[in-house]
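The structure displayed is predicted, hence computed values, not measured ones.
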Amino acid sequence: MNTGMAKARDIPGLHADMPFAEAAAATVAVRADELFAHAKGVLDTSDIERVHDMRVASRRLRAVLEI
């Protein structure tokens, strides 16, 4: 059983001097990968941690898309 919030993955190559569009594209790609990584078994409600991890990943992706 997972006992904590899933840690967000680092964005490879992300740095302060990057153009915004490049940084945004890299960040969206990693956050989308995180979301899809939690998709398997998420509908198995006997393990609520899967649902929780999917919700956390979807919130992170949504936050990036809002920016």
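Clustering ILVMFWY residues whenever any of their side-chain heavy atoms sit less than 4.5 angstrom apart, transitively, puts Leu43 in the very cluster that holds Leu35. Both Met18 and Ile11 sit in one connected hydrophobic cluster of ILVMFWY residues. Membership requires side-chain heavy atoms under 4.5 Å apart, directly or through other members. In this structure, Leu61 is not a member of the same hydrophobic cluster as Leu14, with clusters built from ILVMFWY side-chain heavy atoms closer than 4.5 Å.
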Enumerate, atom names and distances included, each donor-acceptor pair closer than 3.5 Å involving a side-chain atom of residues 21-31, sequence neighbours excluded.
residue: Thr27; atom: OG1; partner: Ala23; partner atom: O; Å: 2.8
residue: Arg31; atom: NH1; partner: Arg9; partner atom: O; Å: 3.0
residue: Arg31; atom: NH1; partner: Glu34; partner atom: OE1; Å: 3.2
residue: Arg31; atom: NH1; partner: Glu34; partner atom: OE2; Å: 3.0
residue: Arg31; atom: NH2; partner: Arg9; partner atom: O; Å: 3.3

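By the salt bridge (charged side-chain N to carboxylate O under 4.0 Å, His left out) test, Asp17 is found to be paired with no residue, residues two or more places apart in sequence or in another chain being considered. Contacts of Asp10 classified as side chain to side chain donor-acceptor pair (under 3.5 Å), with partners at least two apart in sequence or in another chain: none.
Once rounded to the nearest 0.5 Å, the distance linking NE2 of His38 with NE2 of His52 reads 9.5 Å.
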